[in-house]
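Note that this is a predicted model, so its numbers are computed, not measured.
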Amino acid sequence: AATCQVKGNKTFIFIFSMLLVLYVIAQLYEPKKFDWNPTLRNNDKNPFGAVIPYTELKQLFPGVNIKSNRIPAYNVLHNKEETSSAYILLEPEFNPDKPDLEELLEYVKAGNTVFLSAFDFDKKFLDTLGLKMNSYTSLLDEDSTSINFVNPALKAPENYTFKRSTIDGYFDSIKKYDSSVVLGIDQNNKPNFIKVKYGKGEFLIHAEPLCFSNDFMFYGITHDYTAKALSY
């Protein structure tokens, strides 16, 4: 009886050990679970982070001094006397405080460029530029909205399509046509990328920030869209 008990224990330990080894192997080789939260941060390697586009800036603008800031716009731009420089903002939501908004406006007015892409923009900011936005974004596993440029020199033969998410943000009202130029549209000819002249500078406003995420740059030629948009 004692012998049977020992053999039984050994069998149990062997089976348990094998299951443990299989579990560890499965964990090691399990596909990485990504965080699909759209942070658009330049140090986020997840699909909707922006570490790849940020890295590509150095190739897109060779010889240019590129700095990353994680402080409010006011702290970055206050008392700066630069002209012909650019400030790039990728945000899930753009809701600046009054000092930040005032500094951005003064910065552009002095002759600089602000490139800004978000799902949603502060109403006062849009009113200042004469824009109104319509936005709807949902995560799906199928093709949805396709986009392209208006400029013949940049326009692709076929629209750019995002494979993992709908990107339906667009501007449904442009009040200052004398100072605004539509740079990009969606498949319904709705403007989603607009240049607005302000003072001596300009705002480049994009309604679909996922176009500047890591994930967008992995599909076909969509990375080409990101580079072209930022080249403005």
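In terms of heavy atoms, L230 sits closest to F61 at O-CZ, 3.4 Å. Closest non-hydrogen pair, M133 versus A118, comes out as CE-O, 3.8 Å. Closest heavy-atom contact between L90 and A50: CD1-CB, 4.3 Å. What you find for L40 and F212 is that their closest heavy atoms are CD2-O, 4.4 Å. K197 and K200 get closest at one heavy-atom pair: NZ-O, 3.5 Å. Heavy atoms only, all atoms of each residue included: P47 and F34 are closest at CD-CB, 3.6 Å.
Linking Ile, Leu, Val, Met, Phe, Trp and Tyr whenever their side-chain heavy atoms come within less than 4.5 Å leaves L89 and Y74 in two separate clusters. Side-chain heavy atoms closer than 4.5 Å link hydrophobic residues (I, L, V, M, F, W, Y) into clusters, and following such links, possibly through other members, connects I174 to V108. Residue F171 is grouped with residue V182 when hydrophobic side chains (ILVMFWY) are merged at heavy-atom distances under 4.5 angstrom, including chains of intermediate members.
The line from CG of D100 to CZ of F94 is 8.0 Å long, rounded to the nearest 0.5 Å. Summarising the geometry, atom CG belonging to L210 is positioned 8.5 Å from atom CG belonging to D215; distances are rounded to the nearest 0.5 Å. The distance from the CG atom of D224 to the OH atom of Y160 is 4.0 Å, given to the nearest 0.5 Å. Once rounded to the nearest 0.5 Å, the distance linking CG of N65 with NZ of K58 reads 10.5 Å. The distance from atom CD of E91 to atom CG of D120, rounded to the nearest 0.5 Å, is 12.0 Å. A distance of 11.0 Å separates CG of L77 from CD of E106, quoted to the nearest 0.5 Å.
No donor-acceptor pair under 3.5 Å is formed between the side chain of N112 and the backbone N or O of Y87. Under a 3.5 Å cut-off, the side chain of N214 and the backbone N or O of D44 do form a donor-acceptor pair. K228 contributes a side-chain N or O that, together with a main-chain N or O of L154, makes up a donor-acceptor pair within less than 3.5 Å. Judged by distance alone, the side chain of K175 and the main-chain N or O of D127 form no donor-acceptor pair under 3.5 Å. The backbone N or O of T39 sits nowhere less than 3.5 Å from a side-chain atom of N37 that would complete a donor-acceptor pair. Side-chain N or O atoms of N151 include one that pairs as donor or acceptor with a backbone N or O of A153 at under 3.5 Å. S173 places no side-chain N or O within 3.5 Å of a backbone atom of K132 that could act as its donor or acceptor partner. Judged purely by atom type and a 3.5 angstrom limit, D122 has no side-chain atom pairing as donor or acceptor with the backbone of P96.
For the side chain to side chain contact (heavy atoms under 4.5 Å, CB included) with I88, the lone residue among V114, L116, L57 that qualifies is L57. Among F121, Y107, F125, F193, the single residue meeting the ring pair (Phe, Tyr, Trp, His ring centres under 6.0 Å) criterion with F203 is F125. When the options N159, N188, D186 are evaluated for a side chain to side chain donor-acceptor pair (under 3.5 Å) with S146, the one that passes is N159.
When side chains are defined from C-beta on, Y198 does not count as touching S179, because their heavy atoms never get closer than 4.5 Å.
Between the side chains of N42 and R70, at least one donor N or O sits under 3.5 Å from an acceptor N or O. N192 and Y170 are not linked by any side-chain donor-acceptor pair at a separation below 3.5 angstrom, with hydrogens and angles left out of the test.
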Criterion side chain to side chain contact (heavy atoms under 4.5 Å, CB included) on L101 and K124, from CA distance to verdict: CA-CA 9 Å; L101 179 56; K124 184 177 180 180; 4.3 Å; yes

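Aromatic ring centroids of Y225 and F149 lie under 6.0 Å apart.
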